[in-house]
Amino acid sequence: MARYNPKEVEPKWRAAWADADVFRATAEPGKPKYYVLEMFPYPSGRLHMGHVRNYSLGDVIARYKRARGFAVLHPMGWDAFGLPAENAAMERGVDPKAWTYENIDRMRAELKELGLAIDWSREFATCDVEYYGKQQAWFLDLFKAGLVYRKESVVNWDPVDQTVLANEQVEDGRGWRSGAIVEKRKLNQWFLRITDYADELVDALKTLDRWPDKVRTMQENWIGRSKGLKFSFEFAGAPPAGFDGGLEVYTTRPDTLFGASFVGVAPDHPLAEQLAQADPKVAAFIAECRKGGTSEAEIETAEKVGWDTGLKVKHPFDPAWELPVWIANFILMDYGAGAIFACPAHDQRDLDFARKYRLPVKPVVLPPGEDPGAFDVGDEAYTGPGTIFNSAFLDGKDVEAAKAEAIARIEAMGRGEGTTVYRLRDWGVARQRGWGCPVPVVHCAKCGVVALPKSALPVALPDDLDFGKPGNALARHPTWKHTTCPDCGGPAERETDTLDTFVDSSWYFARFADTGADEAISKEAVDYWLPVDQYIGGIEHAVLHLLYARFVTKALADQGQLSVREPFAGLFTQGMVTHESYRRQSGEWVEPREVEITTEGKTRRARLISTGEPVVIGDVEKMSKSKRNTVAPEEIFDVYGVDAARLFVLSDSPPERDAHWSTSGVEGAWRFVNRVWAEFDSQPASGEGDGGSDPAADELRVFTHRTVKAVTEAVESFRFNSGIARLYEFLNKLKEYPAAGANPAVLGSRQEALSAFARLMAPFTPHLAEECWTRIGGEGLVANAPWPEFDPALAQDAVKVLPVQVNGKRRGEVRAPAGAEPADVEKIVLDDPEITRRLEGLTIRKVIVVKDRIVNIVAA
RNA sequence: GGGGACAUGGCGGAACUGGUAGACGCAAGCGACUUAAAAUCGCUCGGGCUUCGCCCGUCCGGGUUCGAUUCCCGGUGUCCCCACCA
């Protein structure tokens, strides 16, 4: 009996898979396909436990689907452009390209050590010119289609990273990477018209039934579609310059028009700016409004302030009714029309404002059951349903009917129209960075902005960029940008902006279908492989990456380059890997490996191994460098092997929840690995047996089939932790039927059980499974073996143990054949002496028999 | 302020669609083996009691049901997303 040695066993099987080219994805017409993809990593240089978990999860699916007979595509690549490389360049004087490719080499080696069922022949990095050149090609297609445009716009400028950020990349007024407070700047920017697809992006969410509801809700909120009315107020008296058409406002509550109290414009509304030029006091007020911070706390506490412009507008339904025009700090210029009409009775912000400035508050929606004479609004606006009153021709209608009526009247008057407004903005894709995909256009003094012909692609980055200082290395390169105009042949300058790295990751899944194709996307290959059947990644990409990828898929489908309109049919968002954090009295964080934990009863203490100094046990948090609560995967692989690490990270918690890393946990997995090997190793080599009838052999066989059923269902439904628990039970059961001294029937039953066991564990612990498979004489590689089938008749006991309740409390149990009819079961129960003893002195009112489950006797 | 998710032993978690709550693992305790330790193996392990059995127990309070961790109503707490979005 040989002790299991992962250091020898694991590399051996990885080599065997590679030699047999087992995981190469091959399109096989007539075979169902399955595309499993985990979000590709940024090549930071080191594998962390989050990667181990993410890629192990996908690997379970990939290996399982292969065993079920699918043609599986499970590729790997690198999201390789981006700021960390430039920062490394600046800090350490290294070349970003060399730094990135070195990181890729190191991480590829580590990932390969995980034993993943990946087709490595399809690997690429987004910084490969072969990849971003193709990206430039479809960018030009979108350009031609009018989906790319340039506009002078106020942008979010990150002063630390020296670049523009998309709205999605600004969190609480800070850059999502640098954490620096974002400034507003006016720049000429490149945009993609994602808003053209806003409706489809919302509507198609409901077709994504294998996406988490949470992610769909987040995207829906992000796009923020609202239906309402855009219309113009006519000024009473002479309109200000440029406002001959009146003052346009947007509302989602046209039903409350008769409750109007005032009209408000944003401080940066053109009308406000015009008034500010004429009146320094207005200018001062606007300047005051701009001061306020954008942080959550500041918005929460910011008081509503306003400025009465003295201007008046006419109510659209009653020209004699004049409303004052205010400038108000709570109105946002970049939503709707940047101006509103306020109905304080039914909008909290309007009410706060109206109370402060003593403006009228007139209720027009009567809550159900309220008396129209008595209903009044205090300090809380009523936003619920009700009947319209105080509103002329809208009186008596419900809210929805009144909205429709008001919109119809305004449209008939030619003053406005019902419209849809989105929170979603177009996607600003330009970045003033050198380490990215160049935008393939030139600026010609004569012809303006000229898109390059595809024959001029790829526009490759120069190799000698200077990343020694902040800013755009591409723009300051001495020669790169100088070129000729493809239209007139005159001198021209290349665009020095590069594309947001989210562009790189918005189509990589399509490139994987055929990484050698001349065109960006091979139609034939994507028609076979897409959509991705199972996409796996972190919830942090719920909006940004997943929304952009959906948009690009739709845009490319409209260019005829793809047939699917949704890239990811199934999405799974996995939890993070967490660990306790530890810090010294001095406040300094220390790594788990430096800490020793002792337990006294229920209290745990930690101290430094080196000095014995006590350390404080902190919260369980996401593993991060700053808290130093990380555990290096390679150290775990070194001690326990890859399989034990995979097994623990998969078994600890359900995949969608956080997994709490612990040394004792991985030790438990390691114990299991060894016990499994010991069990297989104890089976005689000629263990076929005769399969004859024997009660013990039959029992084991039933357990085998039941386990196959349970593990299959667990894998299918992403409950890997439960599936692994079934394998632990299976092993415990096997040990009750040891090979030593067993009769041939039991040995035969064991052989069947072990054969199933090896195949069931293969997705989780692939190396161990191969070793065990070979040990029991399995044919070829277990990676190529079919998934075990179960016999439904055998997957359950012939005789069921049914608990018997009296008035809902368990009072005993009876045995009945599986599938026994309720009447027969009732007879068995009422004949049972123990049960009848329990029922002494009681009258049976009712007997409820749930087939194969439970019996409940209602008695009094 | 709006939207969403979650709450089960000392811990991670299990319980299919309303049917034996606590599977499996971790930690802990006891024992075997050992000169000893580690490893390994076996047993115990929600709380309480008058312990062949009984009572309580899935965040709290109600409800529906023969039966509720599961469904409904109302709270509390934790986490996530969005946010002066008209």
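What you are looking at is a predicted structure, and each value in this text was computed from that prediction instead of being measured.
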Under the criterion ring pair (Phe, Tyr, Trp, His ring centres under 6.0 Å), I'd like the reasoning laid out for A/F648 against A/W670: C-alpha separation, chi angles, the key distance, then a yes or no.
CA-CA 8 Å; A/F648 171 62; A/W670 165 239; over 10 Å; no

A/I223 CD1 to B/rA83 P, in whole Å, measures 14 Å

Within this structure, what is the CG-to-C1' distance between A/N329 and B/rA86, rounded to whole angstrom?
14 Å

Holding to salt bridge (charged side-chain N to carboxylate O under 4.0 Å, His left out), I want the full list of residues that pass it with A/K356, two or more places apart in sequence or in another chain.
A/E303

If you measure from the P atom in B/rC59 to the same atom in B/rG13, how many Å do you get, rounded?
14 Å

Could you please spell out the steps behind the ring pair (Phe, Tyr, Trp, His ring centres under 6.0 Å) verdict for A/F720 and A/F718?
CA-CA 6 Å; A/F720 300 156; A/F718 263 93; 5.3 Å; yes

The side chain of A/W222 lies closest to which of these nucleotides: B/rC82, B/rC26, B/rA86?
B/rC82

Could you tell me how far apart A/K304 (NZ) and B/rA86 (P) are, to the nearest whole angstrom?
14 Å

Given atom NZ of A/K230 and atom C1' of B/rC85, what is their separation to the nearest angstrom?
13 Å

For the ring pair A/Y250 and A/F231, is the centre-to-centre distance below 6.0 Å?
no

Interatomic distance, A/D852 CG vs B/rG18 C1' [rounded to whole Å]:
17 Å

Suppose you measure atom P in B/rA15 against the same atom in B/rC24; what distance do you get, rounded to whole Å?
13 Å

Dot-bracket for RNA chain B, 5' to 3', Watson-Crick and G-U pairs with both distances under 3.5 Å, [ ] for crossing pairs, | for partner on another strand, reads (((((((..(((......[....))).(((((.......))))).((((...))))..(((((..]....))))))))))))....

Below 4.0 angstrom, N of the basic side chain to O of the carboxylate: do A/K851 and A/E821 qualify?
yes

Quick one: side chain to side chain donor-acceptor pair (under 3.5 Å) pairs with a partner in residues 254-267 of chain A, sequence neighbours left out?
A/R253-A/D255

Whole angstrom is fine here: how far is it from CZ in A/R423 over to C1' in B/rA86?
15 Å

With a non-hydrogen cut-off below 4.0 angstrom, is A/R675 in contact with a base, only sugar-phosphate, or nothing?
sugar-phosphate

Contact list for RNA chain B against residues 721-735 of chain A - heavy-atom distance below 4.0 Å:
A/N721, A/S722, A/A725, A/R726, A/Y728, A/E729, A/N732

Under the salt bridge (charged side-chain N to carboxylate O under 4.0 Å, His left out) test, residues paired with A/K362 that sit two or more places apart:
none

B/rA14 and B/rA21, which share atom name C1', separated by this distance in whole Å:
10 Å

When the C1' atoms of B/rU44 and B/rG10 are considered, how many whole Å apart are they?
15 Å

Between A/W670 and A/E667, name the one whose nearest nucleotide on RNA chain B is closer to the 5' end.
A/E667

Min side-chain heavy-atom separation A/E834-A/R811 under 4.5 Å:
no

Test side chain to side chain donor-acceptor pair (under 3.5 Å) applied to A/D643 - qualifying residues, sequence neighbours left out
A/H767

Under 3.5 Å between N/O atoms: give me all the protein pairs with nucleotides 65-70 of chain B, atom names plus distance.
{"residue": "B/rC66", "atom": "O2'", "partner": "A/N856", "partner atom": "ND2", "Å": "3.2"}
{"residue": "B/rC66", "atom": "O2", "partner": "A/N856", "partner atom": "ND2", "Å": "2.5"}

Quickly work out the A/D347 CG to B/rG2 P distance and round it to whole Å.
13 Å

Considering only heavy atoms from C-beta outward, does the side chain of A/I194 approach that of A/L201 to under 4.5 Å?
yes

Should A/R349 be listed as having a side-chain N or O under 4.0 Å from OP1 or OP2 of B/rC85?
yes

Spell out, as yes or no, whether a donor-acceptor pair under 3.5 Å connects the side chain of A/T578 to the backbone of A/A659.
yes

Side chain to side chain, A/I331 and A/V265, heavy atoms closer than 4.5 Å
no

According to salt bridge (Lys or Arg N to Asp or Glu O under 4.0 Å), does anything in residues 706-728 of chain A pair up with another residue at least two apart or in another chain? List the pairs.
A/R706-A/D797, A/K709-A/E713, A/R726-A/E729

Ring center gap for A/F341 and A/H315 short of 6.0 angstrom
no

May I ask you to decide if A/V577's main-chain N or O and A/D658's side chain share a donor-acceptor pair within less than 3.5 Å?
no

Could you list the residues that satisfy salt bridge (charged side-chain N to carboxylate O under 4.0 Å, His left out) with A/K227, not counting sequence neighbours?
none

So which protein N/O to nucleotides 51-54 of chain B N/O distances come out below 3.5 Å?
{"residue": "B/rG53", "atom": "O3'", "partner": "A/R838", "partner atom": "NH2", "Å": "3.4"}
{"residue": "B/rC54", "atom": "OP1", "partner": "A/R838", "partner atom": "NH1", "Å": "2.5"}
{"residue": "B/rC54", "atom": "OP1", "partner": "A/R838", "partner atom": "NH2", "Å": "2.6"}

Heavy atoms under 4.0 Å, any strand shown: does A/G224 hit a base, just sugar-phosphate, or nothing?
nothing

Scan residues 651-659 of chain A against RNA chain B and write down, sorted by residue number, each residue with any heavy atom closer than 4.0 Å; if none is found, say none.
A/D652, A/S653, A/P654, A/R657

Report yes if at least one side-chain N or O of A/K622 is closer than 4.0 Å to OP1 or OP2 of B/rC79; otherwise report no.
no

From CZ of A/F720 over to C1' of B/rA23, roughly how many Å is that when rounded to an integer?
19 Å

Closest-nucleotide 5' rank along RNA chain B - winner of A/I854 and A/F341
A/I854

I'd like the C1' distance from B/rC56 over to B/rU50, given in whole Å.
16 Å

Between B/rC43 and B/rA5, how far apart are the two C1' atoms, rounded to whole Å?
41 Å

I'd like a table of donor-acceptor pairs (distance under 3.5 Å, sequence neighbours excluded) in which one partner is a side-chain atom from residues 208-215 of chain A, with atom names and distances.
{"residue": "A/R210", "atom": "NH1", "partner": "A/D533", "partner atom": "O", "Å": "3.4"}
{"residue": "A/R210", "atom": "NH1", "partner": "A/Q534", "partner atom": "OE1", "Å": "3.2"}
{"residue": "A/R210", "atom": "NH2", "partner": "A/D533", "partner atom": "O", "Å": "2.6"}
{"residue": "A/W211", "atom": "NE1", "partner": "A/F568", "partner atom": "O", "Å": "2.7"}
{"residue": "A/D213", "atom": "OD1", "partner": "A/R216", "partner atom": "NH2", "Å": "2.7"}

For B/rG46 and B/rA23, measure between their C1' atoms and round to the nearest Å.
15 Å

Could you tell me how far B/rU69 sits from B/rG77 if I compare only their P atoms? Round to whole Å.
24 Å

Side-chain donor or acceptor of A/R646 paired with backbone N/O of A/S56 under 3.5 Å:
no

Anti/syn call for B/rG9, syn if |chi| within 90°
syn

